[in-house]
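Inspection log for the structure reproduced underneath, given as structure tokens.
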Number of protein chains: 2
Amino acid sequence: MFSPVVKDTTRLSAQDWARAALQAIADGGLPAVAVEPLARTLGVTKGSFYAHYRNRDELVAAALTEWARSHGDAGLAGLAAIADPAERLRELLDTVVHAVRPLAPSVQLSLLGDRNNPQVKDAVQQVNQARLRLMTSTYIELGLPPDRAESRARVAYAAILGLLQLAQTDPHAPDPDTLAEEAAAVFLPADLR
Amino acid sequence: MFSPVVKDTTRLSAQDWARAALQAIADGGLPAVAVEPLARTLGVTKGSFYAHYRNRDELVAAALTEWARSHGDAGLAGLAAIADPAERLRELLDTVVHAVRPLAPSVQLSLLGDRNNPQVKDAVQQVNQARLRLMTSTYIELGLPPDRAESRARVAYAAILGLLQLAQTDPHAPDPDTLAEEAAAVFLPADLR
DNA sequence: GAGAGAACATACGCCACCGTATTGACCGCT
DNA sequence: AGCGGTCAATACGGTGGCGTATGTTCTCTC
């Protein structure tokens, strides 16, 4: 018995459609989630799609829910498990700055183009809140008073988002190590100034 | 003689179409730049559109060019004119953090959803480069060595972008003054640490 | 191994948008 | 007054995506 990495000739599930939808979002935003093109890339015709979802909107909702789930508290479990707050923060910065991870951030960036859609707004908000909560409590653990911890977390998280954004549009390799160093110097409050 | 704020019954120019296209981008990204809907909001039919542009792509190109122009070096002239680098930087942070300016940032955020389009990529890149150049030279003036100035500028600009991004998705008013203070504490190198 | 249901194919009508063609109305200019 | 150019309206064919209807095939289960 061997587990196939790619679901070869087997039939598709609702999850497969949702995953394909997320990939489409990463590539072209919400408008790219179109039933017929997705069916083509999946190697089927659209007829079978309606066995899984009632309409396109339901697919979009499913994809967004899945994304919000896996990138909200669920996706932060690994980081949250780090006991030492300073190390946790450094790990977070390192991860982000070094990451040219292909799919994960692309979805969030693409969703910005469709931020007027209420469903999108909810999903993005949910993910952002979870991350901000983690970073805020980290800064509190580091000794900042709660209100300062909150705004500090906000600025730091904003920088993370912005760096991802720049990484996706900028061809100039900014040397990750230099960036990580700089980010650490700015956001790791060794002195808690 | 009174100057009409809205071009009332007069006829439209290519500029008018480009402006409408930018507004559409801010609202719904590139896919929202559709000839017939735009014609409807402009109060004409699409027949007249093709007197100004050969096709939709040309309109998109014109809109993006206009945006890149007005938000690149041209749009930074006011800030660049500030002689004192520290004041320039503070002004920049203040402007951004306090700004819930409706249209300007929306376009950039919306364009993220269409960053795979080469035209979009070029425009965004052009604007980002101009801003990064200004911030880098500002940090150099402040006494940072060139390489550190560059990465510092990158992190600071990323934070700015991220704050705008959060402001558009987050309903929680983060109290601009607190944020401005925090941003200043982080990015204004009084000590040039 | 026969039925049930899930996954798929095919074919259809519908609508939104693109681009073209043609014609008409409104300028400025000599 | 007449002329050319610009902006505009109307009408048309083409394309791509949505959703429905109606079968067909696969797979699981009893």
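Just so it is clear: chains get the letters A, B, ... in the order the sequence lines come, proteins before strands, and each one is counted from 1.
Residues that satisfy the side chain to side chain donor-acceptor pair (under 3.5 Å) test with A:T178, not counting sequence neighbours, are A:D175.
An OP1 or OP2 oxygen of D:dG17 is reached within less than 4.0 angstrom by a side-chain nitrogen or oxygen of A:R40. Contact between the side-chain N/O atoms of B:S48 and the OP1/OP2 oxygens of D:dA8 is found at a separation under 4.0 Å.
Judged as a side-chain hydrogen bond (donor to acceptor under 3.5 Å, both in side chains), the pairs with a partner in residues 155-165 of chain A (not counting sequence neighbours) are, in order, A:N128-A:Y157, A:R131-A:Y157. Residue pairs meeting the side-chain hydrogen bond (donor to acceptor under 3.5 Å, both in side chains) criterion with at least one partner in residues 82-93 of chain B, sequence neighbours excluded, are B:R88-B:T138, B:R88-B:E141.
Here A:F49 lies out of heavy-atom contact (under 4.0 Å) with every strand.
Going from atom NZ of B:K46 over to atom P of D:dC12 covers 13 Å, rounded to whole Å. Nucleotide D:dG16 holds its P atom 18 Å from the CZ atom of A:R56, rounded to whole Å. Between the CG atom of B:D16 and the P atom of D:dC7 there is a distance of 10 Å, rounded to whole Å. Atom pair A:L30:CG and D:dC18:C1' shows a separation of 16 Å (rounding to whole Å applied). The nearest whole Å value for the distance from the CG atom in B:L42 to the P atom in D:dA9 is 11 Å. Look at OH on A:Y50: it is 6 Å from P on D:dC18, rounded to the nearest Å. For the pair B:R11 CZ and D:dA8 C1', the interatomic distance rounds to 7 Å; values are reported in whole Å.
Residue B:E36 is the one, among A:G47 and B:E36, whose nearest nucleotide of DNA chain D lies closer to the 5' end (criterion: closest heavy atom).
For DNA chain C, the contact window with chain A, defined by any atom under 4.0 Å from a protein heavy atom, covers C:dA6 to C:dA11 in 5' to 3' order.
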Could you give the side-chain donor-acceptor pairs of residues 29-42 of chain A under 3.5 Å, partners two or more places apart or in another chain?
residue	atom	partner	partner atom	Å
A:E36	OE2	A:K46	NZ	3.1
A:T41	OG1	A:L38	O	2.9

Report all side-chain donor-acceptor pairs from residues 58-65 of chain B shorter than 3.5 Å, counting only partners two or more places apart or in another chain.
residue	atom	partner	partner atom	Å
B:E58	OE1	B:R54	N	2.9
B:E58	OE2	B:R54	NH2	3.4
B:T65	OG1	B:A61	O	2.8

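The pair A:R154-B:D170 counts as a salt bridge, with a side-chain nitrogen and a carboxylate oxygen less than 4.0 angstrom apart.
A continuous path of hydrophobic side-chain contacts links B:L132 to B:L79 [ILVMFWY only; heavy atoms under 4.5 Å].
Side chain of A:V35, nearest nucleotide from D:dC18, D:dA9, D:dA8: D:dC18.
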